[in-house]
Trainee: 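Sending over a structure as structure tokens; questions will come in a sec.
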Amino acid sequence: MKRLPWLAAVVTLVLVGGVLAAIARPSPENPRFITDDQGRALILHGFNTSGSTKRDPDSMPWIEEQDVENEYRLMGTNFVRFLLQWSALEPAPDEYDEDYLDAVAERVSWYADRDFHVLLDMHQDLWGQSITAEGNVGNGAPPWATHTDGLPVAEQEQWELVYLEPGTMRSFDHFWNTTGEHPELMDHYVRAWGHVAERFADEPSVIGYDLMNEPWGGTLQGPAFERGPLAELYRRCIDAIRGADEDSWIFVEPQAVGTNWGLPSALPHLADPRYGEPRIVYAPHIYPLPMDLGESYGDDTSRAWIDRSVDLWRTNVQATAERLEAPVVLGEFGLDTTSPGAMEYVERLLEVSDEMGAGRAYWSNDLDGWGPWDYGNGGEDISPGALVEVMNRPYPRAIAGEPLAVRYDHDTLTLTVSFAEKSDEDVTGPTEIYVPEDRYPGGGTISSSDPEGAWTAEWDAERSVWEVESDPRRQEHELVITPPS
Ligand SMILES: CN(C)c1ccc(C(=O)NC[C@H]2N[C@H](CO)[C@@H](O)[C@@H]2O)cc1
């Protein structure tokens with residue numbers, strides 16, 4: 001991609017300056033957290049798995065079970081955004097491929113056996129493979145649901161521009177019923193989600209469903225799209241899922257364009273008909289515009305623009321999460337790990353998601369220079385890349401209370417976890433903190449603000465996790481973990 005620093009600066013200045021004036025306002029921290037069946041707040045930390053799914057003949061990621069084991073051993077992750085393909089799920093109208101779902105379920109079990117939380121992501125990019133005859137550009141929707149009306153779709157040097165191709169625009173316009181000619185498409189999509197929910201409703205490791213990856217409104221953009229057909233799709237999918245699964249969390253994304261850069265979303269509040277607290281999660285992505293334009297975090301001027309974009313993104317994400325009354329999971333963040341300053345950028349986003357109390361999934365677990373692996377010999381030789389050390393950081397997997405703050409100081413390797421007792425709810429089980437054994441032999445040193453003898457900490461060497469039982473008589477607790485003193 002050509003470097004256009006002056007354009008990056010001008011465009012970002014306009015975006016950040018203009019929108020900050022209109023939108024920026026202090027907003028309360030993340031109003032809620034995703035909780036497990038013991039009422040504990042979950043901090044989700046993991047990867048998108050994987051980009052390779054888009055081109056795999058079976059629509060499966062490249063990973064095998066040993067790769068899941070390696071990921072846990074090397075990085076202690078507890079979350080995976082697992083890519084699904086509608087085209088594999090429903091190869092013909094109302095015909096579901098149960099072998100495909102069996103293959104998904106097998107991979108879910110690999111993660112379940114290691115206490116991961118699995119988010120099933122109905123992934124699309126550029127609508128679907130059959131927007132071009134070669135089938136090598138888009139992914140997601142099946143051919144029978146793709147109506148380009150014969151309009152052209154030319155491949156582009158920058159893949160994103162294919163979203164603007166007439167045939168791609170038409171395919172989306174038919175799906176959102178902007179044309180009024182194919183209302184059946186959204187019907188099928190909604191029923192497909194209902195079928196997936198029926199299949200995984202009783203799988204406790206499936207934490208939830210991400211209804212559509214990076215939605216694109218075609219000729220309908222911005223609030224007209226997000227508050228119109230996108231919200232309609234979400235409401236219908238929520239109802240279909242709740243007809244089969246009362247308890248999983250339902251993840252909704254804003255339109256990608258603009259919000260990936262930090263601009264505000266107009267997504268409206270979405271009701272959850274389940275009995276009890278709503279379980280809707282706001283799941284935006286972040287790809288700062290200066291980086292999309294080729295700037296790197298290693299350049300001081302660009303880093304300043306990127307940091308301002310990240311701050312804008314955070315402000316607007318928290319405003320939308322407040323409106324949705326939803327916890328936040330950063331569904332995608334990532335970059336070319338060989339670019340200058342790449343690891344500092346990742347550290348910054350891990351810090352921001354910690355401060356927001358947000359989960360996060362790095363894009364992506366692939367052998368492609370963005371992922372955590374160095375690889376050679378056609379992918380046969382895989383070894384940990386630079387990203388592994390950055391992602392392999394101590395973090396609280398589950399917090400037995402209401403999180404107040406999670407702070408990791410990578411200079412002193414000190415993790416601080418503060419949380420309050422939740423008097424109004426039953427919370428059972430320990431606070432679980434993953435600590436990488438390599439830099440914290442034996443789990444390092446752990447301390448609590450609770451009185452001596454009123455709290456306990458057990459080191460589970462097999463999982464590399466501290467299990468902490470705190471003093472219920474204390475309203476607030478602060479745990480501090482450092483390398484062995
Ligand atoms: C014009 N539109 C609609 C558009 C432009 C750019 C992206 C994008 O960069 N997305 C970032 C990453 N997300 C996908 C997977 O979800 C990756 O392939 C992209 O790198 C998305 C949409």
Side-chain angles (χ1 to χ4, degrees), residues 1 8 11 15 46-56 59 61 80-86 119-129 131 136-141 153-173 175-176 178 210-222 225-226 229-230 251-263 265 283-295 306 309-310 313 329-337 339 342 345-346 349 360-371:
M1 195 185 300
V11 171
L15 292 175
F47 285 88
N48 280 270
T49 301
S50 66
S52 70
T53 299
K54 303 177 188 182
R55 291 288 166 265
D56 182 81
S59 296
V80 59
R81 181 174 183 244
F82 189 90
L83 275 67
L84 301 181
Q85 293 280 280
W86 183 20
L119 171 63
L120 297 180
D121 156 37
M122 197 68 81
H123 200 90
Q124 71 81 30
D125 299 287
L126 299 168
W127 184 249
Q129 275 194 323
I131 61 165
N136 57 350
V137 174
N139 71 85
V153 177
E155 289 194 46
Q156 305 291 327
E157 186 184 338
Q158 285 183 255
W159 71 272
E160 305 93 318
L161 295 177
V162 177
Y163 272 108
L164 300 173
E165 286 294 291
T168 314
M169 295 286 280
R170 182 59 56 83
S171 300
F172 279 99
D173 282 353
F175 177 74
W176 299 117
T178 304
D210 190 338
L211 298 183
M212 179 179 279
N213 177 68
E214 298 193 343
W216 168 247
T219 57
L220 212 50
Q221 292 291 322
F225 169 52
E226 290 188 306
L230 183 59
F251 292 55
V252 295
E253 298 185 32
Q255 73 166 37
V257 164
T259 59
N260 281 10
W261 302 333
L263 296 182
S265 166
H285 300 175
I286 186 170
Y287 294 94
L289 180 58
M291 299 174 91
D292 273 358
L293 293 171
E295 298 306 310
I306 293 165
S309 299
V310 172
W313 178 90
V329 169
L330 170 52
E332 287 186 22
F333 69 105
L335 78 170
D336 174 356
T337 58
S339 62
Y345 173 74
V346 176
L349 289 190
R360 64 269 179 141
Y362 180 87
W363 179 271
S364 62
N365 183 355
D366 278 293
L367 306 176
D368 65 353
W370 281 43

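Every number for a ligand or one of its atoms is a count from 1 in the order of the listing. Since the model is a prediction, treat every value here as computed from it, not as a measurement.
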Trainee: Could you walk me through whether Gln85 and Thr53 pass the side chain to side chain donor-acceptor pair (under 3.5 Å) check?
Mentor: CA-CA 8 Å; Gln85 293 280 280; Thr53 299; over 6 Å; no
Trainee: Does the residue Gln255 have a heavy-atom contact with ligand 1, meaning some pair of atoms that are separated by less than 4.0 Å?
Mentor: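 The answer is no: ligand 1 sits nowhere under 4.0 Å from a heavy atom of Gln255.
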Trainee: Does any N or O atom in Glu214 lie less than 3.5 angstrom from one in ligand 1, N or O only?
Mentor: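 Checking ligand 1 against Glu214, an N or O pair does fall under 3.5 Å apart.
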Trainee: Side chain of Asn365, backbone of Phe47: donor and acceptor closer than 3.5 Å?
Mentor: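 It does not hold such a pair.
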Trainee: List the closest protein heavy-atom neighbour of atom 6 (C) of ligand 1: residue, atom name, distance to the nearest 0.1 Å.
Mentor: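 For atom 6 (C) of ligand 1, the nearest protein heavy atom comes out as Glu160 CG, 3.2 Å.
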Trainee: Kindly say whether the aromatic ring centers of Phe175 and Trp127 come within a distance under 6.0 Å.
Mentor: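 They qualify: ring centres under 6.0 Å apart.
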Trainee: Considering both backbone and side-chain atoms of Lys54, is one of its nitrogen or oxygen atoms within less than 3.5 Å of a nitrogen or oxygen in ligand 1?
Mentor: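 Between Lys54 and ligand 1, an N or O pair is found under 3.5 Å apart.
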Trainee: Should you measure from each heavy atom of Trp216, which atoms of ligand 1 turn up under 4.0 Å away?
Mentor: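 Those atoms are 3 (C).
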Trainee: Give, for atom OH of Tyr345 and atom CG of Leu335, the distance between the pair rounded to the nearest 0.5 Å.
Mentor: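 Taking OH in Tyr345 and CG in Leu335, the distance rounds to 6.5 Å.
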Trainee: In terms of ring plane angle, is the pair His285 and Tyr287 parallel, tilted or perpendicular, where the classes change at 30° and 60°?
Mentor: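 Correct class here is perpendicular.
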Trainee: What is the closest protein heavy atom to atom 1 (C) of ligand 1, and at what distance does it sit?
Mentor: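 Of the protein heavy atoms, Val257 CG2, 3.3 Å lies nearest.
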Trainee: Ring centres of Tyr362 and Phe333 under 6.0 Å apart?
Mentor: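 That pair passes the under 6.0 Å test.
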Trainee: Between ligand 1 and Asp292, is the shortest N or O to N or O distance under 3.5 Å?
Mentor: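 In this structure, Asp292 places no N or O atom under 3.5 Å from an N or O of ligand 1.
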Trainee: Quick test of your reading of the structure: of Trp159, Trp363, Trp261, whose heavy atom lies closest to atom 9 (O) of ligand 1?
Mentor: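 Minimum heavy-atom distance to atom 9 (O) of ligand 1 goes to Trp159.
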Trainee: Please list the nearest protein heavy atom to atom 11 (C) of ligand 1 with its residue and the distance rounded to 0.1 Å.
Mentor: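 In this structure, atom 11 (C) of ligand 1 has Tyr287 CE1, 3.3 Å as its nearest protein heavy atom.
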Trainee: Measure the spacing between CG of Asp121 and CD of Glu214 and express it to the nearest 0.5 Å.
Mentor: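 With rounding to 0.5 Å, CG (Asp121) is 9.0 Å from CD (Glu214).
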Trainee: Could you measure the distance from the CG atom of Leu230 to the CH2 atom of Trp176? Nearest 0.5 Å is fine.
Mentor: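 One gets 5.0 Å once the value is rounded to the nearest 0.5 Å.
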Trainee: Consider every N or O of Tyr163 and every N or O of ligand 1, then say whether any pair is closer than 3.5 Å.
Mentor: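 N/O-N/O distance under 3.5 Å: no.
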Trainee: Of all the atoms in ligand 1, which lie at a distance below 4.0 Å from a heavy atom belonging to His123?
Mentor: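 Selected atoms, number and element: 15 (C), 16 (O).
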Trainee: Which residue holds the protein heavy atom closest to atom 16 (O) of ligand 1, what is that atom called, and what is the gap in Å?
Mentor: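 Its nearest protein heavy-atom neighbour is Glu332 OE2, 2.5 Å.
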